[in-house]
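These notes are about the structure you will find just below.
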Amino acid sequence: MNRLYDSMEPRVIDDGMLKLAVGEQGPQEEAGELAKQEGILFKDVLSLQLDFRNILRIDNLWQFENLRKLQLDNNIIEKIEGLENLTHLVWLDLSFNNIETIEGLDTLVNLEDLSLFNNRISSIDSLDALVKLQVLSLGNNQIDNMMNIIYLRRFSCLRTLSLSGNPISEAEDYKMFICAYLPDLVYLDFRRIDDHTASVSLSVSQPCETESSGPQISWKRGMEEQLPLPTTRRERAVPSS
């Protein structure tokens with residue numbers, strides 16, 4: 001259970017919690033009072049903040065059919081579920097939970113920004129439907145296999161990636177390996193990828209022949225027969241005048 005909430009009772013998202021959250025985040029003053037009197041329809045809500053509520057299970061969100069932004073960080077959620085009807089979702093924050101497996105995102109085809117920072121995830125998968133994904137935060141998890149980077153090559157829109165705090169981030173040439181196999185990435189671990197790193201990143205995929213290279217030999221040589229050759233870093237398109 002998450003360290004922040006050991007003394008609190010786990011909760012499930014229910015109608016009362018949702019009404020309270022929508023009321024707190026709705027318009028204030030005169031417009032807010034009118035909204036409270038007439039009631040706010042869940043289908044009209046575009047942004048919903050449910051952080052720090054000791055939520056154990058995601059449920060009862062099916063009425064938020066037009067939701068664009070959902071904040072579920074800093075809870076004790078163990079499984080990604082109950083999001084099937086949120087097909088318009090663009091931004092989803094599930095950071096600081098107890099999630100072990102990426103799942104339950106198949107219908108979120110419009111998602112652009114996904115945060116799973118500080119969970120218990122060991123493998124990057126089950127994201128295939130997120131064809132518009134631009135920002136992916138997976139720092140502070142348990143990812144230890146470099147093959148996970150290869151999986152991310154299918155996301156042509158991905159520009160920002162965070163993996164710091166995972167075992168793979170401790171590997172020698174970790175940064176250059178990612179730049180070689182994800183050539184369109186712009187930001188890695190909250191820092192912009194500089195031109196020098198981009199230009200030398202291809203060397204990561206080459207066989208290592210010197211003893212001084214140390215730990216990198218095992219994962220480089222072990223993956224050479226499995227991995228496609230990295231592509232060169234593509235030039236950014238320049239609009240024609």
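These numbers were taken from a predicted model, which means no experiment stands behind them.
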Query raised in the report: Below 4.5 Å, heavy atoms only, C-beta onward: do Tyr181 and Arg153 meet side chain to side chain?
Result: yes

Query raised in the report: For the side chain of Asp73 and the backbone of Ser95, is there at least one donor-acceptor N/O pair under 3.5 Å apart?
Result: no

Query raised in the report: Does any N or O in the side chain of Asn97 come within less than 3.5 Å of the main-chain N or O of Asn75, such that one atom is a donor and the other an acceptor?
Result: yes

Query - From Leu185, Asp189, Val135, residue fulfilling side-chain contact (heavy atoms from CB on, under 4.5 Å) relative to Thr160 - result: Val135

Query - Full working for side-chain contact (heavy atoms from CB on, under 4.5 Å) between Phe64 and Leu86 - result: CA-CA 7 Å; Phe64 292 84; Leu86 309 185; 4.0 Å; yes

Query raised in the report: Quick one: do Met147 and Ile143 end up in the same hydrophobic cluster if we chain Ile, Leu, Val, Met, Phe, Trp and Tyr together by side-chain heavy atoms under 4.5 Å apart?
Result: yes

**Report entry** Val90 with Ile58, same ILVMFWY side-chain cluster at under 4.5 Å
**Finding:** no

Query raised in the report: Heavy atoms, side chains only, cut-off 4.5 Å: are Leu70 and Leu83 in contact?
Result: yes

Requested in this report: Heavy atoms only: give me the nearest Lys79-Glu103 pair and the separation to one decimal.
Outcome: CG-OE2, 3.2 Å

Query raised in the report: How about Met17 and Leu50: do any of their side-chain heavy atoms sit closer than 4.5 Å?
Result: yes

Query raised in the report: Do the non-hydrogen side-chain atoms of Leu92 and Leu105 ever get within less than 4.5 Å of each other?
Result: yes

Report summary line: Interatomic distance, CG@Leu163 vs CG@Leu188, rounded to 0.5 Å, equals 7.0 Å

Requested in this report: Indicate, with yes or no, if Phe190 and Tyr174 share a hydrophobic cluster defined by side-chain heavy-atom contacts under 4.5 Å among Ile, Leu, Val, Met, Phe, Trp and Tyr.
Outcome: no

Report task. Mind running side-chain contact (heavy atoms from CB on, under 4.5 Å) on Glu65 and Asn85 for me, showing each step along the way? Result -> CA-CA 6 Å; Glu65 56 192 68; Asn85 291 329; 5.8 Å; no

**Report entry** Spacing of NZ belonging to Lys69 relative to CD belonging to Gln49, to within rounding of 0.5 Å
**Finding:** 7.5 Å

Query raised in the report: For the side-chain contact (heavy atoms from CB on, under 4.5 Å) test, which of Thr107, Leu108, Leu111 pairs with Thr87?
Result: Thr107

Query raised in the report: Is there side-chain contact between Leu152 and Ile124, with heavy atoms separated by less than 4.5 Å?
Result: yes

Query raised in the report: CG/Asn145 to CD1/Ile168 distance, rounded to the nearest 0.5 angstrom?
Result: 8.5 Å

Query raised in the report: Is a side-chain N or O of Asn141 found less than 3.5 angstrom from the main chain of Asn166, in a donor-acceptor match?
Result: no

Report summary line: Smallest heavy-atom separation, Ala129 atom then Asp106 atom, equals CB-O, 3.1 Å

Query raised in the report: So, for Leu158 and Gln134, which heavy atoms are closest and what is the spacing to 0.1 Å?
Result: CD1-O, 3.5 Å

Query raised in the report: Does a side-chain heavy-atom distance below 4.5 Å link Arg159 with Asp184?
Result: yes

Requested in this report: Examine Val109 and Leu114 and state if one hydrophobic cluster contains both, with Ile, Leu, Val, Met, Phe, Trp and Tyr joined whenever side-chain heavy atoms are less than 4.5 Å apart.
Outcome: no

Report summary line: Between Asn66 and Leu46, the two heavy atoms sitting closest are O-CD2, 3.4 Å

Query raised in the report: Is the count of non-hydrogen atoms from other residues, nucleotides or ligands lying under 6.0 Å from Arg191 atom CZ greater than 12?
Result: no

Query raised in the report: Can you tell me if Asp128 and Tyr151 form a side-chain donor-acceptor pair at under 3.5 Å?
Result: yes

Requested in this report: Working to the nearest 0.5 Å, report the span between CD of Glu112 and CG of Leu136.
Outcome: 13.5 Å

Query raised in the report: Looking only at heavy atoms, which two atoms of Ile76 and Leu56 are closest? And how far apart?
Result: O-CD1, 3.5 Å

Report summary line: Here the pair of heavy atoms bringing Leu48 nearest to Ala21 is CD1-CB, 4.1 Å

Requested in this report: Evaluate the criterion side-chain contact (heavy atoms from CB on, under 4.5 Å) for residue pair Val186 and Arg192; output intermediate values, then yes/no.
Outcome: CA-CA 6 Å; Val186 178; Arg192 187 177 181 89; 3.3 Å; yes

Query raised in the report: Should Phe155 and Val131 count as side-chain neighbours, where that means a heavy-atom distance under 4.5 Å?
Result: no

Query raised in the report: If you measure from NZ on Lys175 to CD1 on Ile193, what distance do you get to the nearest 0.5 Å?
Result: 7.0 Å

Query raised in the report: Is a salt bridge present between Arg53 and Glu9, judged by a nitrogen-to-oxygen distance below 4.0 Å?
Result: no

Report task. Determine whether Phe42 and Leu20 fall in the same hydrophobic cluster, where Ile, Leu, Val, Met, Phe, Trp and Tyr are linked whenever their side-chain heavy atoms lie under 4.5 Å apart. Result -> no

Requested in this report: Look only at the side chain of Asn148 and the backbone of Met146, and say whether a donor-acceptor pair between them is shorter than 3.5 Å.
Outcome: no

Query raised in the report: Taking atom CG of Leu72 and atom CZ of Phe96, what is their separation to the nearest 0.5 Å?
Result: 14.5 Å

Query raised in the report: After noting the C-alpha distance and the side-chain angles of Ile121 and Thr101, does the key distance pass the side-chain contact (heavy atoms from CB on, under 4.5 Å) rule?
Result: CA-CA 6 Å; Ile121 296 166; Thr101 303; over 6 Å; no

Requested in this report: Give a yes or no answer on whether the side chain of Asp113 reaches the backbone of Trp91 with a donor-acceptor pair at less than 3.5 Å.
Outcome: no

Query raised in the report: Is there side-chain contact between Ile13 and Leu18, with at least one heavy-atom pair below 4.5 Å?
Result: yes

